Structures are given as structure tokens and as C-alpha cells.
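No experiment lies behind these values; they were computed from the predicted model shown. Note that ligands are numbered from 1 as they come in the structure, with each ligand's atoms numbered from 1 the same way. We number each residue from 1, following the sequence as shown.
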Amino acid sequence: MFARGVRAVALMSSFVVSISEAIQYTPLQPPSYPLAVRSPYLSAWFPGPSVGSLASTNAQFWSGDAAPLVWTVLARVDGTTYNLFGVHTPNDGTQPGEVTAATYTSTHSTFTVTAGQRSFTLDFFSPVSPKNLLRQSLPFSYLTVTLAAGDSHSVQVYSDIDSTWTGQQSDSTWSHSTNGSTRVFQITAVGTATYSQNAETEQALWGSAVYATRPGSGSSLSNQAGPLSTVRQGFIDNGTLTGSQASWTSDGVTGFAHDLGTTADQSAVTFAIGHVREESINYLGAAQTGYYRATYPETVDAVSYFLDDYDDANSESTRFDDLIQTTGSTSFGSNYSDILALSTRQVYGGIEIVIPNDSLDTSQTKAFIKEISSDGNINTVDVIYATFPIFYAPPHSHFDYQASKGYSESYAVHDLGANYPNATGHLESGESMPVEESGNLIILTYAYQAASEDTDLATTYSSQLETYAKYLSNNGLYPASQLSLNDALGALANQTNLGVKAATALAAYGKLVDDNSYLRQGRDWADQIWTDHLGTDDAGTRFLIQYGTNPWFLVFNHYADKLFGLDAFPEEAYNATSTFYPTVRDDAGVPLDGSLSWGQTNWQAAVAATVSGEARDILINDMWAYISNGLNDAPFSDRYWVKANDGASPGESYSFRARPTLGSHFSLAALSGANIWP
Ligand SMILES: *[C@@H]1O[C@H](CO)[C@@H](O)[C@H](O)[C@H]1NC(C)=O
Ligand SMILES: *[C@@H]1O[C@H](CO)[C@@H](O)[C@H](O)[C@H]1NC(C)=O
Ligand SMILES: *[C@@H]1O[C@H](CO)[C@@H](O)[C@H](O)[C@H]1NC(C)=O
Ligand SMILES: *[C@@H]1O[C@H](CO)[C@@H](O)[C@H](O)[C@H]1NC(C)=O
Ligand SMILES: *[C@@H]1O[C@H](CO)[C@@H](O)[C@H](O)[C@H]1NC(C)=O
Ligand SMILES: *[C@@H]1O[C@H](CO)[C@@H](O)[C@H](O)[C@H]1NC(C)=O
Ligand SMILES: *[C@@H]1O[C@H](CO)[C@@H](O)[C@H](O)[C@H]1NC(C)=O
């Protein structure tokens, strides 16, 4: 049954081994390493299969090959220059560094590179700070280059970026400024519209790319902006830069050089890379800006503070990495913690935390999430549901919008706008998922209240919640033909997974408002769907996609029943599916339904939390095999082929990439309790 998948994996890994024999991957070689992943517009990645050629391979924006990012590191050891990272076209006389190790945690991606007599680590660190909104909202990421202790040599470190970070290379300006010893370059596209994106790559065309650094202890710093070949050649020849700033040209770079002196010691320098947009989000016509601007309205001060914050952010990240590692290991094992660590930055990197641009009032803080790579919608309710349960976020902006004149339906909205960053309201022509999203808002509200013990959300929006509960109560058991969050399936009537969501959400609503009639209705529907076989085969062994209709479906919408102990679905439903899924496992995993050749990792992971034994083992271990099989190079795709299809091998990813929906990978971990990050 698995022969085909195993053969493809084996062939590929012998190929990988032959070009990168010496590289040690910890914990594994993922499809893509997050480098600077902090927002939908600061999202730089490095393809896992290219680690052996780190020296000459460009970083990429999440959208991939079409969006290479010029971001380089060179090191000069006793006058010989080594290209450590991202030097697509090396200058004459330079040599590639040799990568010996690559590691990822939930917040860091680290590469160890030998350059002649000395060894360096490049530590790409994107903080994840769920409870420190200032830290979380700063749109920057760290790169720390550490020279390992060794024999005494003269060492200089160079790094540059160019206008690829502005989403276009046709016309930019650049500037250099300082705050104390911090030096800051900013590169800004000229003549582009606020809130506009590059149509192909989805990079922001407004705002500025930022590159900053300050001297390390005992090092001296120089900088230069000008044509790539001139600036880099200056460093190669002299180990320092001239401080000059030529006019912007399309081949221009902004570079920094640190002279570490002649030393045998360990020594480190840190760079901050970022992308800032003063006007970040258009929320119903009101410009929103980054939360951090309440404290640091000027970009130069903000990035300077970001560098000040390095030690604290780094020590938080060590504790956070440990938490992810321990939580994953204790709730399943190391295969699971490897998946969680790779997922974390991607989830947080789909989100921005903002405040109104005019008042900078932090009591008006909102979060926006981009439906990256699937359709670019903003604050899609089912995408927020799919990030659950890595965090339990109160969906304020949806309730506010639904209360406005712009919205008049009796069910919950699908999204707040078709194109991030324009949260200008749901388009009439946009997607609508009445049962799914009504259930989602109720479950998200319940989850937030259960985890936070804050009852304000449910109280403030009680009449809307009641409207959606009534909508489900009247329409949820036999859902009319409509989309579900798996919109690739098209509109279908009587979708079992929707009935299951309605039953679960009604039970949650009953608990939320302490009304047993809703709880009873939810439980009664669950019994009809499972025990009375409305949503199963006649023998009651599996869920079907639609009532009475094959194929079987990987139903995941009762996860909240399990998580919150709502007691809606009978134990037998959980037991029977535990028995069933191993029987329908394909070459590389369990598909989303019996007619498909692809699976969704986010729903496999949600189901892993509802089943036990072999079913749980295969769901998690197949995901682990998928991220470690060496067949892929896209930022974690939550959709992949579980069997060969039209030229694709089992275990290859399928179209989606970099989506923040990986929060549901935390479903199993969340069973052990909420609010575990102090
Ligand atoms: C957002 O709206 C502005 C007009 O206000 C438009 O110029 C821009 O292209 C839109 N952005 C996207 C991603 O569609
Ligand atoms: C190297 O430094 C020398 C002396 O300061 C200078 O004349 C020369 O232009 C520099 N080389 C480059 C390539 O910048
Ligand atoms: C420099 O940045 C810091 C934040 O690190 C800020 O508090 C300070 O006001 C800035 N100083 C100047 C002179 O702009
Ligand atoms: C955002 O705030 C800045 C600083 O106050 C201001 O210059 C800018 O005009 C504001 N943008 C909008 C769209 O209101
Ligand atoms: C939904 O299922 C019920 C019960 O099986 C059936 O009566 C009804 O016709 C179905 N609805 C649609 C739109 O197929
Ligand atoms: C479900 O499985 C558990 C563990 O195997 C078992 O103890 C329990 O009796 C089963 N329940 C039902 C209703 O089959
Ligand atoms: C991890 O998953 C792989 C692939 O499915 C499996 O072979 C291996 O036994 C699992 N490791 C552990 C520690 O469970």
C-alpha cells in the first residue's frame, strides 16, 4: 500500500544526501525555513532543499520563485571573502562558505557555515510573543551573525539588501539615518498606491523596507548605498565601506560592514530587517497602524528599540521554544513537536496587530489575518477558526462589522474584505458560508471566554450571538446547499461536517449562556447524526460527506466537543472513527474524503485530537513524514497529495503555502489545557 510513496522518498533522499552529505539537520530538513516571518508583508523564507547552496541561493518572499529577495551575508577572514548567504552572483575572487548544520525551533532558523579558518552561525530569529503586543507588533526580524571562537584572524562581516523588499525594482528611493549608534537604511517604492500589492507576488508596494544594525561590542561599523558590484567590491578589497550614498539604481544595495578586528574570541553582530507601513490596514475607511506606533511613532526609533529589546526577546524565545517542544513531546512525541515548531512562526506571520492611525488608542487594538495564498481575503472567519487553538482570539472586528449598516444577514459573515489589507466590508459577490461561520463565531467566543474567563465579549455581543444560535437552530441540522470552509468541494446540501459544526456550536452556545435548551438541541442533533446514522453509513462506522451519500469524510467539526467536554457526540463516534481512518490511509496519509487524492494537514491534525491509538499515530506521523520527505520547497503547505496524481508524487504539496491556518496543528496539544504561556 505504501510502496509508491516509500520509493519516491527513498530516491529523493539519496539525491539530497549526495549533494549535502555533511549537513546536519536538526530536527529535520523542512520544505522551507522561516527567515524573517512576522507579517503578511514581512515573510522571507529559504527553501530546505537548497541549504547546501545557502551561499548562492536567494531568500524568497512567501510567494516563491517569482519573488527572490536580495539579502546577503559575506565574511572576510584574513582578507579572503566568503559568501555565506544569498549571493546569487559572486564577485570574482570570493568563495562560498560551507554549510555544516541547519536547525529550526519555533522562533529561530540557524545555519552554521565554515569560511576558511573560522566558523559562523547565521541565526534568523522572528519573535513570537503572544502576550507582549509591543514586541509582537514590531514588523522586524533579527539576523545575528556569530563568529565562533577559534584561532586568531582578522574578520569582517558584511550584509546588504535591495529594493526587491519593496515589491518592485522599477523605482525606489532610499535613505540613511541614525539613532545613537544605530544606523538605519529605508528603501521605499516611488509612485505606488497606499494599500496596493504587487499583483503577482502579493508583496506590499507601499511602506518601506528597513535594514538596521549597530556596532557589536568591540566591532566598528561602516555603511554604503550604491551599485551592488561597487559596494560589495569595496568590502572585498578593504573590509570597510565608504559611507557614501549614491542615488538609487535598480541594481543598488544598502550595505553594512562590521569590522570585528583580529580576534580569537566569539563575537556577534545583529541586524534588524523589516517592512513598515504607517497606514497598515484600511478598516472600514479608517486607517489602522501598527500597535507599536503608540510607543514608537518614528520608524528609526522603533527599529532602534527592536535592537534594544534583543536580549529580552531572545530569552523569551528560549522559554517559548522550550514550551512548544515540551508541549508537543508530552502530548504525542517528538514527531509532533517538530511539526509544531515549524508551524508557529507561519501562523503568527499571517497576522498584524494594529490600532487606529489617528488616535493611536491602544484600547482599540485589533488583529487582522490574511488568507495567504488561498485567496487573500482579510479576517476570514474560517481561517481564524483554523488558527484556533494556537490562540483563542476574540473576534471583535466581526461583531462590530456585523452590527454596522453594511451587514444585514441573519448569519455570520465570511470575511471583512476580499483583498488584504482592505477590510472595507464583505462583497456581495464574495464567499458566504452561513452555517460554518455562524458556528465558528460561537465556538471562537466560547473558546475565548473559557480560556480567559473574560465574559465581556459574550455579554457585549449577546444579541448577535443569539441571532446566530437561532440561525443554526433553524437551519443547522439540514444545511441547505452552501459552501463549507473546504470551498474546493463546492456548494453541497446536507454536509455532515456542517451539521456536526451546528450541533457542536449549539452545545457550546448552551454552555456560554447557560441555556440547557440549546445544549439539549446540540446533543440531540449529535445523536441523530451519529447514533441514528443521519450522517454515517448504515452500519455507523464512518461519517459520510453528505447525509446518506458517499464518500466518507474526515469530519473535524466536533473537535470543540472534545476540547471543551460538551458531551455532544457519543463516545462511539470517536471510537468508530479511530478504527476507521487507518483503513483508508493512502500512500502518504489520510485524504480529506474518500474521493480525493489530497489531504489537509490542518484538519488531519484536528482529527488527530478526536481519535486515539493507531489513527492518531498515523495522522501525526504521516504529517511528520510529509514535512521531512525532501520533496517540497514551499513554506509549509497545509494541502498535499496523499497518493500519486497527474504527475505529482505522494507527499508533494499542492498549491497552498504559508497559510496561517496551521494553528489547528495545535489541536492535540490544546487538550491538555489553555493559557499555558505566562
Ligand atoms: C486596496 O484598495 C486600494 C484603494 O483604496 C487599492 O489601490 C489597492 O489596490 C487595494 N489593494 C488590494 C490588495 O486590492
Ligand atoms: C579601498 O580603500 C582605498 C583607500 O581608502 C580606496 O582608495 C579604494 O577606493 C577602496 N576600494 C574600494 C573598492 O572601495
Ligand atoms: C532613539 O530610539 C529610542 C528607542 O530605542 C527612543 O526612545 C529615542 O527617543 C530615540 N532617540 C532619538 C534621539 O531619536
Ligand atoms: C496616519 O498618521 C500619520 C501621522 O499622524 C499622518 O501623517 C497620516 O496622514 C495618517 N494617515 C491617514 C490615512 O490618516
Ligand atoms: C437533506 O436531507 C434530508 C433528510 O435526508 C432530506 O429530506 C432533504 O431533502 C435533504 N436536502 C437536500 C437539499 O437535499
Ligand atoms: C471506546 O473505547 C474505549 C477505549 O478503547 C473503551 O474503553 C470504551 O468502552 C469504548 N466506548 C464505546 C462506547 O465503545
Ligand atoms: C515519526 O514518524 C515517522 C514517519 O511516519 C515514523 O517512521 C517514526 O517512527 C515516527 N517517530 C516516532 C518517534 O514516533
Inset, instruction - Look at the aromatic rings of F556 and W603 and report parallel, tilted or perpendicular, splitting at 30° and 60°. - result: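 Plane angle under 30°, so parallel.
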Inset, instruction - Would you check the N or O atoms of D622, main chain and side chain alike, for any that come under 3.5 Å of an N or O of ligand 7? - result: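 N/O-N/O distance below 3.5 Å does not exist for this pair.
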Legend entry - Short side-chain donor-acceptor distance under 3.5 Å, T270 and T144: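 Yes - a donor-acceptor pair under 3.5 Å links their side chains.
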Inset, instruction - Ignoring hydrogens and angles, state whether a donor on the side chain of E652 or S649 is under 3.5 Å from an acceptor on the partner side chain. - result: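 The answer is yes; a qualifying pair exists.
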Legend entry - Contact bool for atom 7 (O) of ligand 6 (protein heavy atom, d < 4.0 Å):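 No, no protein heavy atom sits under 4.0 Å from atom 7 (O) of ligand 6.
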If we only count heavy atoms from C-beta on, is the [X] to [Y] side-chain gap below 4.5 Å?
X    : Y    : answer
H275 : S39  : no
F256 : Y211 : yes
D338 : M623 : no

Inset, instruction - From atom 4 (C) of ligand 3, work out which of D301, L307, T182 has a heavy atom at the shortest distance. - result: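 Minimum heavy-atom distance to atom 4 (C) of ligand 3 goes to D301.
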Legend entry - Ring-face cation contact, Y574 with K562, 6.0 Å cut, 45° max: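 Yes.
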So which protein heavy atom does [atom] come closest to, and at what separation?
atom                    : value
atom 10 (C) of ligand 7 : N335 ND2, 2.6 Å
atom 2 (O) of ligand 3  : N179 ND2, 2.2 Å
atom 13 (C) of ligand 6 : E571 OE1, 3.6 Å
atom 14 (O) of ligand 6 : N575 ND2, 3.2 Å
atom 5 (O) of ligand 7  : N621 O, 3.0 Å

Inset, instruction - Can you sort out which atoms of ligand 3 are near D308, meaning under 4.0 Å from one of its heavy atoms? - result: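 Those atoms are 5 (O).
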Inset, instruction - Please determine if Y296 has a nitrogen or oxygen closer than 3.5 Å to a nitrogen or oxygen of ligand 3. - result: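 Between Y296 and ligand 3 (N or O atoms, distance only) the closest approach is not under 3.5 Å.
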